[in-house]
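Beneath this line is the structure, given in structure tokens, with notes to follow.
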Number of protein chains: 2
Amino acid sequence: MEPEILELESFLPYRLYRLADAVSREFSRVYKDRHGLTRPEWRTLAGLGQHGTMTATALGEQSAMHKTKVSRAVAELERRRWLTRTPDENDRRVEHLTLTKAGLAAYREMVPLAKAFERELLAKFSDGERAAIAEGLAALERSTKELKAVP
Amino acid sequence: MEPEILELESFLPYRLYRLADAVSREFSRVYKDRHGLTRPEWRTLAGLGQHGTMTATALGEQSAMHKTKVSRAVAELERRRWLTRTPDENDRRVEHLTLTKAGLAAYREMVPLAKAFERELLAKFSDGERAAIAEGLAALERSTKELKAVP
DNA sequence: TTTCAATGGTTACAAATGAAACCAATCTGG
DNA sequence: CCAGATTGGTTTCATTTGTAACCATTGAAA
């Protein structure tokens with residue numbers, strides 16, 4: 001029996017990784033060039049901007065980050081005075097995180113840039129392609145959720 | 001005018017990154033658990049297994065890795081005696097990389113595992129979903145190629 | 001043919017990451 | 001009530017990564 005060959009270019013994990021890397025690298029310029037944020041810091045800002053107040057654990061779940069990443073990102077944003085921590089009344093292990101005025105200002109400045117980035121990216125496609133992207137990603141996401149559920 | 005909010009969960013760069021991270025993390029068990037390879041090392045092995053002989057530059061292009069990653073991965077695989085370097089006859093800066101018997105054996109052992117992984121992942125979807133995934137990814141890839149062409 | 005730019009590849013250093021240990025605080029079962 | 005397990009979050013350490021500088025060689029132009 002003939003030894004098999006794997007075509008890397010069409011291998012799903014590789015394709016996804018490469019795609020994400022390219023898109024995400026390009027988008028990182030928006031927050032890196034502008035404010036010198038790292039990706040975890042940007043996600044933290046985005047999470048708090050979107051939800052108002054969150055705990056570190058909730059942030060980690062929403063934005064798919066390991067708790068050490070969250071911890072470090074929060075520390076840095078606090079150092080910049082972009083967020084504050086408020087201890088929970090009932091459970092003193094928990095802190096509630098909220099953006100300060102400065103943090104909120106940065107968030108509001110960034111949102112339109114993020115949306116414009118996405119819009120421009122999607123503008124290149126036909127309606128059919130956009131639909132395929134939406135359906136394809138949704139299907140893949142469904143399948144990775146199962147991965148998490150089982151282990 | 002109302003300040004805008006960005007829904008992170010539906011933001012394309014974030015979705016792609018999360019997806020790639022989940023899939024690629026899961027797949028990494030195949031080469032990490034088995035042989036303690038890093039992702040660049042696995043890709044190097046895959047590239048050489050697929051093409052027989054390549055230069056480091058070609059490897060970097062094919063598998064979308066920065067040249068330092070390639071350099072380090074090659075050094076490690078050489079240390080394991082999974083590949084050898086042959087200086088180019090005409091240009092002494094260039095080296096041609098080839099898998100040794102041991103490297104080839106590892107490659108051949110891994111290919112079926114990789115294919116099985118992909119097959120199982122795709123088995124969860126309907127024909128329509130698989131078609132959407134194929135079309136959607138292809139469209140996205142086309143668009144990121146443009147990104148590279150322009151900068 | 002000498003000089004200067006470009007190319008293939010490696011190395012040094014700083015920053016980002018992941019794993020595991022850790023510290024409190026809280027919850028649970030006996 | 002209290003010993004052990006669990007949870008929220010931080011820290012430490014080793015590994016991985018990215019950037020930039022670097023070395024050697026080759027190519028191109030004057």
Side-chain angles (χ1 to χ4, degrees), chain A residues 17-18 20-22 24-29 31-33 35-44 47-48 53-80 83-98 151, chain B residues 17-18 20-22 24-26 28-29 31-33 35-44 47-48 53-79 83-98 151:
Chain A
Y17 193 92
R18 172 145 65 120
D21 190 60
S24 169
R25 206 181 215 64
E26 184 66 19
F27 175 62
S28 77
R29 288 154 61 156
Y31 52 78
K32 194 174 283 176
D33 288 2
H35 292 293
L37 293 176
T38 62
R39 186 168 36 227
E41 285 154 22
W42 148 249
R43 283 195 192 167
T44 300
L48 294 180
T53 287
M54 300 177 83
T55 67
T57 303
L59 256 173
E61 279 162 16
Q62 198 228 350
S63 52
M65 297 190 289
H66 188 75
K67 57 187 191 165
T68 62
K69 274 190 193 170
V70 175
S71 172
R72 297 190 256 241
V74 166
E76 169 60 20
L77 294 189
E78 183 185 34
R79 201 193 58 68
R80 290 183 185 224
L83 65 75
T84 55
R85 313 181 193 232
T86 323
D88 183 279
E89 300 270 293
N90 308 320
D91 187 339
R92 290 185 314 183
R93 291 169 304 182
V94 178
E95 343 180 85
H96 300 276
L97 308 165
T98 321
Chain B
Y17 193 92
R18 172 145 67 121
D21 190 61
S24 169
R25 205 182 217 62
E26 184 65 19
S28 77
R29 288 154 61 155
Y31 51 79
K32 193 172 283 175
D33 288 1
H35 292 294
L37 293 176
T38 62
R39 184 166 38 227
E41 285 155 22
W42 148 249
R43 284 196 193 166
T44 300
L48 294 179
T53 288
M54 301 176 83
T55 67
T57 304
L59 255 173
E61 278 161 16
Q62 198 228 348
S63 52
M65 297 190 289
H66 189 76
K67 58 187 191 166
T68 62
K69 274 192 193 168
V70 175
S71 173
R72 296 190 256 240
V74 167
E76 169 60 20
L77 294 189
E78 184 186 32
R79 201 192 58 70
L83 64 76
T84 56
R85 313 180 193 233
T86 323
D88 183 279
E89 299 271 292
N90 307 320
D91 186 340
R92 292 187 314 188
R93 291 167 305 181
V94 178
E95 340 179 89
H96 300 276
L97 308 165
T98 320

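In what follows, every chain begins at residue 1, and chains take the letters A, B, ... in the order their sequences are listed.
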Q) Is the shortest distance from a Lys or Arg side-chain nitrogen in A/E76 or A/R80 to a carboxylate oxygen in the other one below 4.0 Å? A) yes
Q) What is the distance from NE2 of A/H66 to P of D/dT11, rounded to the nearest Å? A) 14 Å
Q. For DNA chain D, whose closest nucleotide is more 5', that of B/P40 or that of A/V70?
A. A/V70
**Q.** Validation row: B/V70, B/T57 side chains within 4.5 angstrom (heavy atoms)
**A.** no
Q: For C/dT10, take OP1 and OP2 only and decide whether either is under 4.0 Å from a side-chain N or O of B/R85.
A: yes
Q: Would you please say whether a donor-acceptor pair under 3.5 Å links the side chains of A/R72 and A/T38?
A: no
Q. Between D/dG9, C/dA25, C/dG9, which one does the side chain of A/V94 approach most closely?
A. D/dG9
Q: Please tell me which of A/D21 and A/A56 maps to the more 5' nucleotide of DNA chain D, matching each residue to the nucleotide holding its nearest heavy atom.
A: A/A56
Q: Measure the distance from CG on B/D33 to P on C/dA19 and round it to the nearest whole Å.
A: 12 Å
Q: On DNA chain C, check which nucleotide each of A/E41 and A/D91 is closest to and give me the residue with the more 5' one.
A: A/E41
(Q) Starting the side chain at C-beta, find the nucleotide from D/dT16, C/dG9, D/dT17 nearest to B/T38. (A) D/dT16
**Q.** Whole-Å distance separating the CE atom of A/M65 from the P atom of C/dT17
**A.** 10 Å
Q. Within this structure, what is the CD-to-P distance between B/E89 and D/dT25, rounded to whole angstrom?
A. 16 Å
Q: Determine yes or no for a side-chain-to-main-chain donor-acceptor pair under 3.5 angstrom, with A/S28 supplying the side chain and A/R25 the backbone.
A: yes
Q. On DNA chain C, nearest-nucleotide positions of A/N90 versus A/T68: which is more 5'?
A. A/T68
**Q.** Rounded distance (nearest 0.5 Å) linking atom CG of A/L83 with atom OG1 of A/T98
**A.** 8.0 Å
Q: In whole angstrom, give the distance that lies between atom CD of A/E95 and atom P of C/dT26.
A: 13 Å
**Q.** Separation of atom CZ in A/R92 from atom P in D/dT6, rounded to whole Å
**A.** 22 Å
Q. Can you tell me if the side-chain N/O atoms of A/T57 get under 4.0 Å from OP1 or OP2 in D/dG9?
A. yes
Q | B/R93 side chain, from C-beta outward: closest of C/dG9, C/dA24, D/dT25 | A | D/dT25
Q. Within the structure, does a side-chain N or O atom of B/R25 lie under 4.0 Å from either OP1 or OP2 of C/dG18?
A. yes
Q. Any side-chain N or O of A/K69 less than 4.0 Å from the OP1 or OP2 oxygen of C/dG18?
A. yes
Q: Return the value, rounded to whole Å, for the distance between atom CG of B/L83 and atom P of C/dG9.
A: 13 Å
**Q.** Gap between atoms NZ and P, on B/K67 and C/dA6 respectively (whole Å)
**A.** 14 Å
